[in-house]
2 protein chains.
Amino acid sequence: MTLKPRTPVDIRAVAKRAGVSIATVSRAMNGITTVDAELAKRVMRAAEELNYTPNTQARALVSGRSGMIGLIVSEITNPFFPELIQSFEDSAVKRGYEILIGSTNYSAERMMQCVRRMVERMVEGVAVMTFGMDEDLVQQMVERGIPVVSIGPKNSLEGASSLQVDFRRGLHEAVQHLAVIGHRKIAFISGPLSLDSARQRQKAFQEAMSSISTPVPPQFVIEGDHTMEGGFAGAEKLLSLKEKPTAIVCSNDMTAIGVLHAVSGRGLKVPDDISIIGFDDIHMAQFTVPPLTTIRMACSDLATAALDALLHDTAEPMRKFEATRMIPTRLIVRQTSGYPRQHAVKRTKPAAKKTSARPVSAD
Amino acid sequence: MTLKPRTPVDIRAVAKRAGVSIATVSRAMNGITTVDAELAKRVMRAAEELNYTPNTQARALVSGRSGMIGLIVSEITNPFFPELIQSFEDSAVKRGYEILIGSTNYSAERMMQCVRRMVERMVEGVAVMTFGMDEDLVQQMVERGIPVVSIGPKNSLEGASSLQVDFRRGLHEAVQHLAVIGHRKIAFISGPLSLDSARQRQKAFQEAMSSISTPVPPQFVIEGDHTMEGGFAGAEKLLSLKEKPTAIVCSNDMTAIGVLHAVSGRGLKVPDDISIIGFDDIHMAQFTVPPLTTIRMACSDLATAALDALLHDTAEPMRKFEATRMIPTRLIVRQTSGYPRQHAVKRTKPAAKKTSARPVSAD
DNA sequence: ATCTATAACGAAAACCTTTACTGTTACCCT
DNA sequence: AGGGTAACAGTAAAGGTTTTCGTTATAGAT
């Protein structure tokens with residue numbers, strides 16, 4: 001045919017070298033049983049010798065299977081997500097898939113680009129681990145027959161599996177823990193309220209506070225952004241309050257690290273002056289100074305559950321899995337939570353009178 | 001059964017709806033000028049209405065351009081790399097590329113899989129940011145005509161661009177800084193010595209120590225693994241020494257965080273009892289308690305330099321770029337480095353109390 | 001020995017797009 | 001007005017693989 005200066009090591013080259021047809025090479029490489037063992041070996045050797053690597057694009061084009069699974073996360077620089085990615089990839093690789101990562105950076109536009117990318121690259125499923133799903137975008141993928149799993153309320157999306165995270169339990173445990181050791185003035189720094197899960201966590205916190213019959217003054221609830229800077233800023237605000245909290249619960253560990261930085265920066269002691277509780281239990285939580293008490297949400301559980309839902313879907317695309325598996329959370333007590341020194345002082349000097357000036361925290 | 005109700009929204013469907021040929025659709029979508037503006041608009045609208053997304057695999061197959069650039073990193077759970085990835089992706093997206101991430105986890109086998117993956121997916125270039133290149137694997141890509149950029153000694157690889165990091169300068173600054181404020185007993189915890197860059201950093205440290213005429217006892221040089229655990233373990237070893245260092249220089253920030261944890265865990269004060277210096281200046285270095293003095297290696301510089309080298313290559317594949325741009329490093333002094341209290345104390349009270357209390361550290 | 005069932009392989013279609021090539025139209029210049 | 005040319009649209013090939021279908025060879029059964 002056409003003579004080419006460069007040698008494209010394609011399936012034809014292997015076929016030629018092994019003295020068989022390209023069909024046989026394909027079958028041999030894919031382990032199809034209807035090929036003679038002897039021949040298969042010859043093909044393999046030829047492929048080896050030529051250093052042949054199949055062209056995945058061509059394979060995907062014809063077979064309809066790209067061998068990739070999409071994973072959309074919020075941001076890659078928040079350590080929680082790399083841990084999640086790692087778990088997800090490990091599981092995926094084990095099952096013969098590669099992963100395609102997209103990060104939204106909390107931007108709707110980037111989310112759209114991610115989805116588009118996934119569709120274009122023909123991923124065989126996508127896990128939306130962004131903790132605040134974009135319903136219509138997810139719907140778009142579902143319509144194209146792509147299995148989707150996301151974190152969100154049960155059955156919120158027709159045709160997509162959903163994973164629920166038991167935010168309430170963890171937050172309950174955290175508040176209980178603080179209450180038991182004497183805290184009442186507990187503040188909360190949330191994630192960006194545009195996120196579904198941030199609102200959920202905040203609500204769960206307030207419920208937990210209700211359960212210990214302690215109303216939360218509005219200035220004790222601050223909107224953060226899941227970053228260390230946000231935690232720092234939030235803590236600064238809280239520490240400038242006339243009536244300061246004795247404990248700060250954060251909606252993720254990065255926020256807590258920011259808080260820790262702010263508190264220590266002011267020369268305050270943790271947990272003597274202020275207790276801090278994080279959320280996620282990222283690996284680094286064990287290594288902060290002091291080590292962080294936090295609510296663990298096992299990202300490996302999340303990852304494998306997501307993948308299970310996805311692959312269950314691909315296996316039985318007719319009857320959708322639509323799992324609603326619940327991911328547990330639980331408190332891990334380390335050293336940023338403790339008995340509030342300020343508490344004892346408070347009793348003798350009821351600064352509570354000042355609060356009475358404020359109608360909201362009057363009771 | 002192949003009973004699929006899926007609607008194949010391919011280029012044909014768009015062509016039909018717009019009443020033109022598929023070639024025109026292709027040209028219109030790709031912004032080729034030889035298509036009438038009016039017609040192009042019609043095509044675009046048709047594509048929009050059908051919610052058409054081009055099949056990237058097919059495009060890649062015929063055009064030879066996959067639109068993807070590979071990025072191989074060591075491990076994704078070390079925060080330095082997500083930051084690098086972020087920068088790299090930002091730059092890549094700006095230039096119209098997507099990125100395909102691979103992580104080696106310091107395993108030669110995983111590195112091989114990464115390379116294989118990149119080749120199979122037809123990436124148009126790959127940046128090997130693993131700080132310890134695998135020459136033959138890189139060579140393999142070069143042979144297939146894939147532009148490669150890696151971190152390593154100048155011109156070490158024929159046909160691949162290389163980026164050099166000025167480890168020496170940063171380490172020199174760090175050691176000078178410590179020397180000026182009175183440190184002489186300075187230890188070093190390296191990365192895994194299987195990594196090229198780990199050896200380089202270690203050597204640079206020793207050179208720096210030579211420059212202040214202070215020999216380094218062998219027990220002051222410890223092999224770590226770039227993890228917090230490794231740093232912790234290394235610090236424990238150093239702190240059990242009869243003659244302890246007054247400062248510990250770490251080959252990356254994660255190691256330093258582990259050291260910080262160990263030191264604080266023993267009730268020692270930083271920097272009064274021990275100074276700690278990290279390497280990388282990850283974002284979190286600003287938020288440790290106390291904030292970490294560290295040697296900055298700007299990952300954004302690294303990322304953009306890598307991408308530049310790659311795209312320069314693709315632009316002029318004939319005359320290889322083979323850049324050897326030097327990435328600077330410099331010391332960022334925060335609060336984990338300071339005047340060594342022990343220095344003065346040592347003279348009067350030779351740490352005898354600890355040895356008597358703890359028989360283990362007696363010798 | 002003949003026929004059938006089956007295993008093994010090859011030829012070719014199909015996947016979806018880009019792009020070189022070809023054909024058509026319209027316009028401009030002389 | 002006619003020829004040349006520029007601008008545009010369509011046809012078809014190409015890209016590398018999987019997979020269907022058809023063919024051949026082999027073995028088993030009668």
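Note on naming: letters A, B, ... go to the chains in the order of the sequence lines (proteins, then strands), and numbering restarts at 1 for each one.
With hydrogens and angles ignored, the 3.5 Å screen pairs a side-chain donor or acceptor of Arg110(B) with a backbone N or O of Ser103(B).
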In residues 67-77 of chain A, what donor-acceptor pairs under 3.5 Å come from side-chain atoms, sequence neighbours left out?
from     : atom 1 : to        : atom 2 : distance (Å)
Ser74(A) : OG     : Thr130(A) : O      : 3.2
Ser74(A) : OG     : Thr130(A) : OG1    : 3.4
Glu75(A) : OE2    : Tyr106(A) : OH     : 3.3

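Of the two residues near DNA chain C, Thr56(B) and Thr34(A), the one whose nearest nucleotide lies more 5' is Thr34(A).
Across all their heavy atoms, Ile99(A) and Arg117(B) have their closest contact at O-NH1, 4.0 Å.
If you take CD1 of Ile32(A) and C1' of dC9(C), they are 13 Å apart, rounded to a whole angstrom. Protein atom CD of Gln57(A) is 13 Å distant from nucleotide atom C1' of dC15(C), rounded to whole Å. The distance between atom CZ of Arg12(A) and atom P of dA14(D), rounded to the nearest whole Å, is 10 Å. Taking atom NZ of Lys16(A) as the reference point, atom P of dC9(C) lies 21 Å away to the nearest angstrom. If you take CD of Glu38(B) and P of dA7(D), they are 19 Å apart, rounded to a whole angstrom. For the pair Asp36(B) CG and dT24(C) C1', the interatomic distance rounds to 15 Å; values are reported in whole Å. One atom, CG of Asn30(A), and another, P of dT17(D), lie 11 Å apart when rounded to the nearest Å. Here the P atom of nucleotide dT17(D) and the CZ atom of Arg121(B) are 13 Å apart, to the nearest Å.
Residues from residues 40-55 of chain B that place a heavy atom under 4.0 Å from any atom of DNA chain C, listed by number: Tyr52(B), Pro54(B), Asn55(B). Contacts with DNA chain D (heavy atom under 4.0 Å) in residues 58-69 of chain A: Ala58(A), Arg59(A), Val62(A), Ser63(A), Arg65(A), listed by number. Residues of residues 18-28 of chain B having a heavy atom closer than 4.0 Å to DNA chain D, listed by number: Val20(B), Ser21(B), Ala23(B), Thr24(B), Arg27(B).
Applying the salt bridge (Lys or Arg N to Asp or Glu O under 4.0 Å) test to residues at least two apart or on different chains, the pairs with a partner in residues 38-52 of chain A are Arg17(A)-Glu49(A), Arg45(A)-Glu49(A).
Within the 4.5 Å cutoff, the side chain of Val9(B) has no heavy atoms near those of the Asn51(B) side chain. Between Met112(A) and Leu137(A) the shortest side-chain heavy-atom distance falls below 4.5 Å. Under the 4.5 Å side-chain criterion, counting only non-hydrogen atoms from C-beta, Val165(B) is not in contact with Leu163(B). Looking at heavy atoms from C-beta onward, Tyr52(A) lies in side-chain contact with Met29(A) at the 4.5 angstrom threshold.
Here CG of Leu302(B) is found 9.0 Å from CZ of Arg325(B). Values are rounded to the nearest 0.5 Å.
For Glu120(A), the side chain to side chain donor-acceptor pair (under 3.5 Å) partners at least two apart in sequence or on another chain are Arg116(A).
Remark: Lys16(A) does not engage Asp10(A) in a salt bridge, criterion side-chain N to carboxylate O under 4.0 Å.
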